[in-house]
Amino acid sequence: MPFDPRVTPLTPVQARVLATLMEKARTVPDSYPLTLNALITGCNQKSSRDPVMEISDGQAQEALDELRQKSLAVQISSTRSTRWEHNFPRGIGVPDQSAVLLALLMLRGPQTAGELRINSERWHRFADISSVEAFLDELRERSEEKGGPLVVLLPRAPGAREPRWAHLLCGPVDVNALQASSSAGTVSNASALQQRVDTLEAEVTQLRATVQLLCESLGVEPPTPAATPASTE
């Protein structure tokens, strides 16, 4: 029977470990299957991860053991080292294209269909956004017999052009918490932008004063500030 997240949802660490295995299988196939150290490095990347995590050796090993029990990861032992590979499409019962989308959602958090298409370029090249949406719709409408929906379409955030998708492999999504987090991030970005503008304006004022003093000491006329274009309204 396919993995059912309603019965045994993944923990955030399990989701990160599983998605990292899936990512490296497609982006660095020469290094795959992964050793534990390589897997931890991939899990704790600062780029292409949301949220950024700091997973320890013990946490990663525990997650791998639990994923193996769920038939989502496979241990491969040799005389040189122990390596790990994922068994996600078969273990959860979805096609490879759907597995790619789920892994990206686990790695990068909620995304629009357009963002998923762009971020999947190194994994799988979807023909267009409608192709991405078709696989997402299949995951959303997955039957109860197969384990129920694996993604949810979130309400469009204020000011956003498109709604985002989120995975359900870690259980139901707290939409209110996600929206609050998104709003907080927007406010933080706006505050940082305003602070940068204020800093630049202060620097320009200081530079103008310096130029004025230099011109006075040299006995030359200071340059005339560029005129502000007249409004066409």
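Just so it is clear, the model here is predicted, and its values are computed rather than measured.
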Residues that [X] engages under side chain to side chain donor-acceptor pair (under 3.5 Å), provided they are two or more places apart:
X: R49; answer: E23, Q45
X: E141; answer: none
X: E138; answer: none
X: S217; answer: none

List the atom pairs, with distances to 0.1 Å, where a side-chain N or O of residues 91-105 and a protein N or O form a donor-acceptor pair under 3.5 Å, not counting sequence neighbours.
none

With sequence neighbours left out, write down each residue that passes side chain to side chain contact (heavy atoms under 4.5 Å, CB included) with [X], or none if nothing qualifies.
X: A160; result: R156, A157
X: S48; result: R108
X: I55; result: V13, R16, C43, N44, M53, Q59, A60
X: I129; result: A113, R117, E133

Listing, residues 80-88 side-chain donor-acceptor contacts under 3.5 Å, not counting sequence neighbours, or none:
from : atom 1 : to  : atom 2 : distance (Å)
R83  : NH1    : P33 : O      : 2.7
H86  : ND1    : F88 : N      : 3.1
N87  : ND2    : S71 : O      : 2.9

Non-neighbouring partners of D137 that pass salt bridge (Lys or Arg N to Asp or Glu O under 4.0 Å), sequence neighbours left out: R140
Kindly state each residue pair satisfying salt bridge (Lys or Arg N to Asp or Glu O under 4.0 Å) with at least one member in residues 60-78, sequence neighbours excluded. D65-R68
